[in-house]
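Take a look at the structure below.
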Amino acid sequence: MSAPGPVGEVAVAWRHDLGAAIVIDGGDGRFVDAAGAGATIGELERTCAPRWVWWSQDTARTFVSAGVRPARCWDVCAVHRLIEGGTRGGPGRAWAHAVGLDPDSAPRVEPLDLFSVADTDDRAGPLRADGHLRAEWAQGAWAATSDAMLEWARLAGAAAARQRDLLARGATGDPETGPVRWAAAGGDAAHRLLTARSESATVALCAELEHDGLPFDRGAAEGIVSGFVGDRPTGPDDERARLAELDRRVLDHLPAGADDDLRSPERVRSLLRRVGVEVPDTRAWRLEQVRDAHPVVGALIEWRRAERFRTTFGYPWIDDHVGVDGRLRGRWAPADGAAGRMTATAGLHNMPAELRPAIAAEAGHVLVRADLGQIEPRILAAVSGDAALAEATHALDMYAPVADRLRVGREVAKLAVLGAMYGATTGRGAEALRALERSYAVAMGHLRAADVAAQGGNDLRTHGGRRIPMSGALDGSAGDGAERSRAAARGRYGRNAVVQGAAAEFFKTWAALVRNRLAPGGARIVLCLHDELIVHTPRDDADVVAGLVVECLHEAGRRWCPPAPVEVRFVADVSVVDRWSEVG
DNA sequence: TGCGGCTATTG
DNA sequence: CACAATAGCCGCAG
């Protein structure tokens, strides 16, 4: 293959069944049929490692399932969700926003009714006369001639170029609200560009996490599940019998004939009332407080635990999400939710700790775990530019110097710092909050500014430029004096979002660096958990991988943090284990 | 069938 | 027991 000199950017549209359209540095472009696409794109990646520009995660999945793992990319939809905020954002909205059209007027496919005629014109190109993308293309139903696919790839390249302009200019082409610059928010243009790239890399990482899955010891998992709910049922009748047996262990503590539905909180409350236990709700921590009042309470707590393993993390969960290759798989989203954290389905982010022994390295391999320590207060120090708090990050346990400065115990200092970031107003931390205001005025001012702006319904931006929409957010139940409480809720939400969101951006920068450094070897990231990475690696490489993960953390810190008189330090706890449950 | 409320788990 | 998320079941409205 002849590469015409150095290659920078390659816009690509690629589907297994159709083939790939490739436009190198805005040139003429070419089309490769389905049979040859993988080899051609793989060769380009090996020889040039260009920045691939594509519309959305679908293309990342096509890359990964064809065995190509792009080092650098630009995902138009991911960058759009960064700039505009929220989670709505297919190619139609992304294109409209990038070229300055009203995103709300982007065409959508209307449900067919008796009088409408489906637009099935196979010759229709992706672009409409009014400048919007045709809805069918935006939704992935490409009507593919090679010319149309080349056009589709070129449009992705054009959208990316416009997005780079938007990021350079200061982020906002928002026609309704105008510039939403909030005084204390946001890094500079270079930082927004860094964020756009690492958000894009995270799209590729998500496609890989979906493809590779998490190494899973099915036997160990079934052993753990059986400890809670017994052996695997042999059939529907057996399952019903076991269910009744579990229920009976609770109901047997009651007068004969009791037949309450334990799955209904209201019935559980009335059940408890009958034995003289009055509770406002039946949450576990509240039941724990009245455990000694009657034997049925303990039985109920135990029943809840078993019920959790029966319904959510039981045999059906294993059957549905663990492949024949012994990998646990879910769907991954690079920046879901308000602040842009990664999310995953299939319980990958909320698996009960008891199941961690089932996350086990394969033969000849180990897991390298790396936990970021106290990531949110460190991020707060960086984005607020608070020199005193930055000084505290030099300690391995930054709550220790904070406690010294506030003249309180470590636990109180921790509660106060967390409370400031979550918007707590009561509890033990609240007392120390005033001392926090005096000692770390810059950081507290940053949080308060976010709180006030959010209370007023103003959109926020994270340090990386992610828009946090506040209009319409958290407009919960109406009622007497509810507006005050809703404003307070918005304030807490905004206070937290600027920290949690920036922390998510930092995490993804770190993960993207690790991903690229691991690529040449046999090690792969197999789980991301907000502040924790798990890498699956051949045993012989474990020490090298562990060192590399730490190097990448320092590199991420240097690249990510705004220039400041006092450097912010990041720390990680790294261990090499066979099972996730093990402490290094 | 869809949706809010309740409950549980995780960071 | 603040902030975020996924997920299951119940009870109710349409």
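In what follows, every chain begins at residue 1, and chains take the letters A, B, ... in the order their sequences are listed.
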*Nearest listed nucleotide, side chain of N496(A), among dG11(B), dA2(C), dA4(C)*: dA4(C)

*Should R492(A) be listed as having a side-chain N or O under 4.0 Å from OP1 or OP2 of dA2(C)?*
no

*Spacing between F507(A) atom CZ and dG11(B) atom C1', to the nearest angstrom*: 10 Å

*asked:* Let's see if you can work this out: which of dG11(B), dT6(C), dA4(C) has an atom nearest to the side-chain heavy atoms of Y493(A)?
replied: dA4(C)

_E208(A)/R515(A) ion pair, N-O < 4.0 Å_ = yes

*So does R467(A) pair up with D459(A), basic N to acidic O under 4.0 Å?*
yes

*asked:* Given 3.5 Å as the limit, does a donor-acceptor pair link the side chain of D217(A) with the main chain of G219(A), or not?
replied: yes

_Residue pair F506(A), L372(A): steps toward the side-chain contact (heavy atoms from CB on, under 4.5 Å) verdict_ = CA-CA 11 Å; F506(A) 178 84; L372(A) 297 182; 4.3 Å; yes

*Output the residues of residues 277-297 of chain A in contact with DNA chain C, where contact means a heavy atom of the residue under 4.0 Å from an atom of the strand; sort by number or write none.*
none

*Honestly, is R405(A) close enough over Y440(A), meaning NZ or CZ under 6.0 Å from the six-membered ring centre and within 45° of the axis?*
yes

_Between the side chains of E354(A) and R305(A), is the shortest nitrogen-to-carboxylate-oxygen separation below 4.0 Å, so that they form an ion pair?_
yes

*Side chain of Y422(A) only, please: which of dC3(C), dA4(C), dT10(B) is the nearest?*
dC3(C)

Listing time: all N or O pairs from protein to nucleotides 2-4 of chain B that are below 3.5 Å?
none

Under 3.5 Å, which protein N or O atoms sit close to an N or O of nucleotides 8-12 of chain C? Give each pair with its distance.
residue, atom, partner, partner atom, Å
dG11(C), OP1, S264(A), OG, 3.0

